[in-house]
Amino acid sequence: MFCESKNKSDLKFQNLKIIGQKKLKGNIKVSGAKNSSLVLLAASLLTDENLTLFNVPDLTDIEKMKHILKTLGVQLNEKNDFLEINSKKLHLCELPYDLVNGLRASFFCIGPLLTKLGEANLALPGGCKIGARPIEEHIRGLKALGATIKIDDGAVQATIKNKKKKLQGANIVLNCPSVGATETLIMAASLAEGQTIIENAAREPEIQDLCYMLNKMGAKIFGAGQSRIIIDGVKKLYGCSHKVIPDRIEAGTFLIAAAATLSSITVSPVIPNHLDSVLNKLKEAGSKITIKGNSISINTKSIKAVNIKTAPFPGFPTDLQAPFTALMSIAEGKSIISETIFENRMNHIQPLNQMGASIEVRDNTAFIQGVNQLRAQSIIGHDLRSSAAMIIAALTAGGCSTIEGLEHLDRGYEDFELKLTNIGADIIRVLKKNNNSDSPLDLNSTSQPTKNFRAA
Ligand code: UD1
């Protein structure tokens, strides 16, 4: 088909054209984890020495985080397959609303800034399409560590009032196992005076990755991956070299795409136990799963309806709820999918119904009657994971679908359609000319082409 360029400056005007019902076959290389990379970038503020990160994915969310670090005085040196970061010239500055709100994870800089510089000023991140996403657990924990925090007119001002400008270790019990709050508090406590114990901590693999890297930098963190984390504060953290873990959500999305298209693919590298809950559900739904070292193969001949309830790790991840709902929409029988983490994460239901699915939503629970086949449609993706769900639905549908809203997709999936076309999907990225016509992307039409890629 076409040779094209993906240009991140005009994602709102790009569409994917997908001709469905092609079988997928082959291997997919899984990128580094977005959510790990974001917090590891924030953790780079904790040392004056060089930090080298391997396996950081090329995503718009990561670009935004790099921009925020640069605003704070951090030097970033991008090499072929690694990123060198130096925060020696880190300085205080107020992170404005556009930056913080464009990337919620940027708020997680508050912990490192406060513990390193004794002060942090950030705009308050707003809610987002999947829910209100409050930050009171971050704030309560930082206050327990001795910070004085004022929230005024949409801005958070955090300072340490004691003479030494040092946070003090404390016992903190989180009201909910928030991933972001656990990460904020681990980073803040790593340079605090004394011991901090976080109870009801989140246990996600990305938190384990953060603790692993911080310990390489000289931190003393015990219990990563458990709900009780102990942090003995140290005076200084050092540089290190670290490889980001593979993205379990990306891997899970491709496995679900393979199941939905009754295909047979392998994803690697992965850490298979990060995907246990997802693999169990795929097996229950009729897929054959084979794990060999750091790869997972899936072979699907039929799809049975199963029920899902999202939960904090090691439960079924909320980030794969939308893709799994797309799979269940064409399963044999009835399934019930309950979203328990975010209050507004059912954006994919209406478009799925437009494509011929039969789904009713009540109180964040989707009641699905599987249908034989979906039909192609023009669909707008409203958030990152619902866009992935729409693409999976389009891969199964008869005819040619158009998916808009690629600014969401490209936040969190590196070369999504390229990876799919390489294993047999028929997808092409086109530049939307006007309301009625699309044209394949023109290499010269926009300012900063970032890479070339081939569509099938
Ligand atoms: C992270 C992930 C996101 C994932 C989510 C849950 C990153 C960059 N993002 O988001 O992809 O979907 O974990 O696995 O790592 N909550 C409160 N008060 C707080 C903080 C959170 O009530 O102070 C609630 C939230 O509203 C939500 C739940 O806790 O209902 C989970 O949120 P949290 O774990 O904090 O998610 P994030 O860290 O924002």
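We count ligands from 1, going down the list as the structure has it; atoms in each ligand are counted the same way. Bear in mind that the values here come from a model prediction, so they are computed numbers and not experimental data. Only heavy atoms go into these numbers, but all of them, side chains included; no hydrogens, no water, no symmetry mates.
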**Q.** Atom indices of ligand 1, in the order listed, that fall short of 4.0 Å to a heavy atom of G180
**A.** 35 (O), 38 (O)

Q. Judging by distance only, is a nitrogen or oxygen of E136 under 3.5 angstrom from one on ligand 1?
A. yes

Q. Against heavy atoms of D319, which atoms of ligand 1 measure under 4.0 Å?
A. 3 (C), 4 (C), 11 (O), 12 (O)

Q) Side chain, backbone, both or neither: which part of I139 has a heavy atom under 4.0 Å from ligand 1? A) neither

Q. Which atoms of ligand 1 have any heavy atom of I135 under 4.0 Å away?
A. 23 (O)

Q: Could you pull out all residues at least two apart from E78 that satisfy salt bridge (charged side-chain N to carboxylate O under 4.0 Å, His left out)?
A: K66

Q) Any nitrogen or oxygen of S178, main chain or side chain, under 3.5 Å from a nitrogen or oxygen of ligand 1? A) yes

Q. So, does P134 sit close enough to ligand 1 that a heavy atom of it is under 4.0 Å from the ligand?
A. yes

Q: Mark the output for C176 as yes if a heavy-atom distance to ligand 1 is under 4.0 Å, and as no if none is.
A: yes

Q. Which ligand 1 atoms does E137 reach within 4.0 Å, using its non-hydrogen atoms?
A. 18 (N), 19 (C), 23 (O)

Q) For F342, is at least one N or O under 3.5 Å away from an N or O on ligand 1? A) no

Q. Can R345 be said to touch ligand 1, with heavy atoms closer than 4.0 Å?
A. yes

Q) So among K88, K116, K89, which one has a salt bridge (charged side-chain N to carboxylate O under 4.0 Å, His left out) with D48? A) K116

Q: Mind telling me whether F316 and F324 have parallel, tilted or perpendicular rings, with 30° and 60° as the class edges?
A: perpendicular

Q) Closer than 4.0 angstrom: is that true for some heavy atom of E206 and an atom of ligand 1? A) no

Q) What's the verdict on ring-ring contact (aromatic ring centres under 6.0 Å, His included) for H138 and F107, showing C-alpha distance, side-chain angles and the deciding distance? A) CA-CA 10 Å; H138 305 237; F107 187 75; 5.7 Å; yes

Q. With a cut-off of under 6.0 Å to the ring centre and 45° to the axis, is R228 in cation-pi contact with F222?
A. no

Q) So does Y212 have more than 12 non-hydrogen atoms from other groups sitting under 6.0 Å from OH? A) no

Q: With sequence neighbours left out, write down each residue that passes side-chain hydrogen bond (donor to acceptor under 3.5 Å, both in side chains) with D61, or none if nothing qualifies.
A: R411

Q. Between E193 and K164, is the closest basic N to carboxylate O distance under 4.0 Å?
A. yes

